[in-house]
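Read the structure below first, then the notes.
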Amino acid sequence: MSGPSDYQPSNPALQWIERRLPIFGLIHSSFVAYPTPRNLNYWWTFGAILSFMLGMQILTGVILAMHYTPNADLAFKSVELIVRDVNYGWLLRNMHAVGASMFFVAVYVHMFRGLYYGSYKEPREVLWILGVIIYLLMMATGFMGYVLPWGQMSFWGATVITNLFSAVPYVGESIVTLLWGGYAVGNPTLNRFFSLHYLLPFVIAGVVVLHVWALHVAGQNNPDGVEPKTEKDTVPFTPHATIKDMFGVACFMLLYAWFIFYMPNYLGDADNYIPANPGVTPPHIVPEWYYLPFYAILRSIPDKLAGVIAMFGAIIILCFLPWLDGAKTRSSKYRPLAKQFFWIFVAVCILLGYLGAQPPEGIYVVAGRVLTFCYFAYFLIVLPLLARIEKPRPVPNSISDAVLAKTGSRSTPMVSTAIVLALAGSLFAGSIDSAKASEGSDTPPGNKWSFSGPFGTFDRGALQRGLKVYKEVCSSCHGLSYVAFRNLAESGGPGYSVAQASAFASEYKVKDGPNDAGDMFERPGRPADYFPSPFPNEQAARAANGGAAPPDLSLITKARSYKRGFPWFIFDVFTQYQEQGPDYVTALLQGYEEKVPEGVTIPEGSYYNKYFPGHAIKMPKPISDGQVTYDDGSPTTVAQYAKDVTTFLMWTAEPHMEARKSLGFQVFVFLIVFAGLMYFTKKKVWAASH
């Protein structure tokens with residue numbers, strides 16, 4: 001425990017401050033001389049990782065808020081303009097969006113570590129409850145932040161989740177109306193959520209201060225669950241824990257950077273690259289991955305109010321954990337049965353997360369109910385029962401004895417856990433076919449793209465050919481409203497000069513005005529102008545295309561995707577495969593068939609496409625062999641056109657991709673060197689303590 005400090009700075013100015021505000025003594029007693037159990041393992045570094053991630057989220061969030069526009073008509077565009085036009089805006093947006101997921105990864109590890117080692121037991125009950133409060137605040141902050149991009153999944157996720165409060169008797173409808181600021185999710189909702197999303201991180205920071213204060217009063221728990229008795233049981237926080245934490249943070253930053261620079265969209269949803277449309281409901285509305293276990297609990301119960309109670313109860317029950325588990329031995333390291341049930345509980349949580357992402361039908365509903373029962377049974381039945389019947393192994397007398405004797409099992413070879421994980425794998429594998437069948441379309445074949453992989457770059461020839469296909473074929477129906485003509489001459493793009501981009505822009509007519517007479521007029525395009533839309537408004541676009549509005553193509557390769565299924569979505573993390581969008585677009589362009597297969601019917605005015613969901617598409621076959629002439633002698637085939645225009649559209653969606661990957665390589669080199677230095681420094685610092 002930290003207590004009054006006898007630290008006195010040597011600098012006269014610091015001494016003057018210390019006599020009036022002993023801030024340096026507080027820092028010294030709390031983060032330098034603070035006695036830390038000498039047997040802490042790397043699971044304890046996640047506390048430092050969470051502090052680092054909170055700082056990163058606040059810093060990037062404040063900067064992003066300077067450019068974001070919380071207006072329902074402008075929010076989606078403002079986010080895109082941040083990514084495209086703000087200096088390193090793409091980096092800030094990726095750091096903040098990926099940071100939310102990494103924050104929850106770290107907090108789940110931190111919580112499971114606390115569960116395994118009994119960090120909620122006396123005298124740390126308040127410390128644990130403050131942690132649960134932080135978790136609840138994080139969930140609220142993350143949900144509101146997910147709404148701010150104002151994409152399809154943001155809008156409909158906000159609609160579904162906020163509507164849950166209507167299940168509260170008597171006051172539910174009033175709560176929903178207050179949250180919405182009206183009678184539907186709209187501009188007032190967005191303003192409320194933006195304000196709260198900006199405010200809550202500072203509230204979290206305040207509760208974190210209380211959390212750390214409670215930690216220093218009660219003292220840190222440790223893997224053996226025994227309290228420090230002598231000075232031999234502890235080491236000073238600095239440099240021992242500080243260096244160890246810096247090494248852990250550096251390793252975690254490698255994972256963080258992996259997603260920022262190479263897989264920025266892996267943890268997101270493609271539908272969120274489609275502007276919010278209240279008139280079109282996504283086929284499957286799901287929250288972010290870190291809410292999925294609780295979403296599965298909600299959907300597993302047929303009654304709305306009971307489902308909401310169960311969902312919130314799954315979190316609130318954590319507050320009562322110190323009293324539900326009456327076992328005297330803290331650490332599961334010395335509790336064989338508790339250890340096995342803990343890993344079963346981890347598997348249950350993972351499976352609930354998987355079920356939360358699946359449609360609420362068939363086996364998924366049944367499995368959700370079974371796992372929901374298992375979740376609550378762990379807290380209400382298993383832990384109280386184990387406290388009475390389990391006979392734990394002997395606990396060491398002190399931390400130093402445990403360190404010297406190396407007591408306690410370091411492995412977890414549990415038959416029951418292996419069985420549960422095998423069943424989980426079977427459930428995953430068995431659901432692939434049904435999920436694919438429900439999509440109603442063939443899986444697009446994979447392609448070799450020049451821009452794939454950590455060192456991938458755009459093929460300049462393909463970009464220029466793709467631009468020609470877009471101009472001569474696609475531009476008659478589809479716009480590129482987020483792409484400016486000047487972007488054609490920027491680094492990482494098609495490779496045109498400024499003069500060439502200006503000449504290209506001048507070929508377009510852009511509406512401008514009003515002039516001195518108050519009239520709108522047309523003028524030749526300039527590099528600062530954006531590609532003009534072929535239609536003045538959405539209604540005109542629908543009228544010219546049989547009632548279906550052609551989508552803007554600026555983000556089409558990120559707004560379209562398909563399910564990879566288990567285990568491919570896991571392999572994709574390591575192979576950096578994220579080309580589902582380009583694969584789908586190029587397959588769609590080649591997927592038209594004149595003859596409709598037997599047994600398939602499509603509505604009148606539609607065309608058959610084997611890769612389009614439902615197979616009936618309003619857009620007629622856009623390209624055919626020989627339609628566009630290439631100056632470089634490339635084949636004038638549908639396959640070549642499709643691949644070239646898809647490459648161009650991938651650039652319009654990710655104009656800073658090459659800069660992102662190049663900077664990512666430099667960051668990785670730095671982090672690897674830094675982590676290595678921290679590791680060897682840690683070895684030297686800890687050498688005398690082991």
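This one's a predicted model, so the numbers in the text were calculated from it and none came from an experiment. We use all heavy atoms of the structure for the numbers below, so side chains are in, but hydrogens, waters and symmetry mates are not. Numbers for residues simply follow the sequence, beginning at 1.
Using a 4.5 Å heavy-atom cutoff, the side chains of V107 and M139 are not in contact. At a threshold of 4.5 Å between non-hydrogen side-chain atoms, the residues F342 and Y378 count as touching. Two residues are said to be in side-chain contact when any heavy atoms from C-beta on lie closer than 4.5 Å; H96 and L92 fail this criterion.
Side-chain atoms of Q152 come within 3.5 Å of backbone atoms of V280 as a donor-acceptor pair (strictly under, hydrogens ignored). R335 places no side-chain N or O within donor-acceptor distance of the main-chain N or O of P392, the cut-off being under 3.5 Å. Although no hydrogens or angles enter the test, the distance criterion places a donor-acceptor pair under 3.5 Å between the side chain of R124 and the main chain of G219. Without hydrogens or angle criteria, E390 side chain to A338 main chain gives a donor-acceptor distance under 3.5 Å. The backbone N or O of L178 lies less than 3.5 Å from a partner atom in the side chain of R192, making a donor-acceptor pair. In this structure, the side chain of Y295 does not engage the main chain of P287 through any donor-acceptor pair within 3.5 Å. Side-chain atoms of R330 never come within 3.5 Å of backbone atoms of Y120 as a donor-acceptor pair (strictly under, hydrogens ignored). Not one N or O on the side chain of E579 forms a donor-acceptor pair closer than 3.5 Å with the backbone of G446. No donor-acceptor pair under 3.5 Å is formed between the side chain of W128 and the backbone N or O of G114.
No side-chain donor from either of D224 and S331 sits under 3.5 Å from a side-chain acceptor of the other. Residues T162 and W180 have side chains that bring a donor and an acceptor to within less than 3.5 angstrom of each other.
For the atom pair CG (L64) and NE2 (H197), the distance works out to 8.5 Å, reported to the nearest 0.5 Å. In this structure, the separation between CE on M102 and CZ on F259 is 5.0 Å, given to the nearest 0.5 Å. Between the OG1 atom of T141 and the CG atom of L136 there is a distance of 10.5 Å, given to the nearest 0.5 Å. In this structure, CG in L318 is found 12.0 Å from CD1 in I133, a value given to the nearest 0.5 Å. To the nearest 0.5 angstrom, Y584 atom OH is 11.5 Å from Y562 atom OH. The distance from the CG atom of L200 to the CZ atom of F143 is 12.5 Å, given to the nearest 0.5 Å.
F376 approaches A310 most closely through the heavy-atom pair CZ-O, 3.4 Å. In plain terms, the two heavy atoms of N94 and P264 that are nearest each other are ND2-CB, 3.7 Å. Taking each heavy atom of R299 and G356 in turn, the nearest pair found is NH2-O, 3.4 Å. Across Q57 and A100, no two heavy atoms sit closer than the pair NE2-N, 3.4 Å. When all heavy atoms of L324 and P384 are compared, the pair lying nearest together is O-CG, 3.4 Å. The shortest non-hydrogen separation linking P70 to L190 is C-CD2, 3.8 Å.
Tested against K121, the residues D325, T329, N221 include a single side-chain hydrogen bond (donor to acceptor under 3.5 Å, both in side chains) partner, D325. Considering Y256, F574, F668 as possible partners of Y262, the one that fulfils the ring-ring contact (aromatic ring centres under 6.0 Å, His included) test is F668.
Ring geometry for Y68 against F194 counts as tilted: the plane angle lies between 30° and 60°, on a 0 to 90° scale. Classified by interplanar angle (parallel below 30°, tilted 30° to 60°, perpendicular above 60°), the ring pair W343/Y116 is tilted. The aromatic rings of F379 and F345 stand perpendicular to each other, their planes meeting at an angle above 60°, with 30° marking the opposite boundary.
In Y577, the OH atom is crowded: over 12 heavy atoms of neighbouring residues, nucleotides or ligands sit closer than 6.0 Å. Counting heavy-atom neighbours within 6.0 Å of Y183 OH, excluding the residue itself, gives a total of 12 or less. Sparse packing is recorded around CZ of F320, with 12 or fewer heavy atoms of other residues, nucleotides or ligands lying under 6.0 Å away.
Judged by a 6.0 Å distance limit and a 45° cone about the ring axis, K244 is positioned over the six-membered ring of Y42.
The side-chain contact (heavy atoms from CB on, under 4.5 Å) test applied to M253 returns F52, V249, L671, not counting sequence neighbours. By the side-chain contact (heavy atoms from CB on, under 4.5 Å) test, N265 is found to be paired with Y273, K558, E654, residues two or more places apart in sequence or in another chain being considered. The salt bridge (Lys or Arg N to Asp or Glu O under 4.0 Å) search around D583 returns none, not counting sequence neighbours.
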_Intermediate values then yes/no, ring pair (Phe, Tyr, Trp, His ring centres under 6.0 Å), Y291 and Y146_ = CA-CA 12 Å; Y291 303 128; Y146 188 56; 8.1 Å; no

*Report the C-alpha separation of S101 and W289 in whole Å, then their side-chain angles, then the decisive distance to 0.1 Å, and conclude whether the side chain to side chain donor-acceptor pair (under 3.5 Å) test is met.*
CA-CA 8 Å; S101 289; W289 68 267; 3.0 Å; yes

*Which is it for Y135 and Y108 under the ring pair (Phe, Tyr, Trp, His ring centres under 6.0 Å) test, yes or no, and what are the steps along the way?*
CA-CA 9 Å; Y135 178 56; Y108 282 134; 5.8 Å; yes

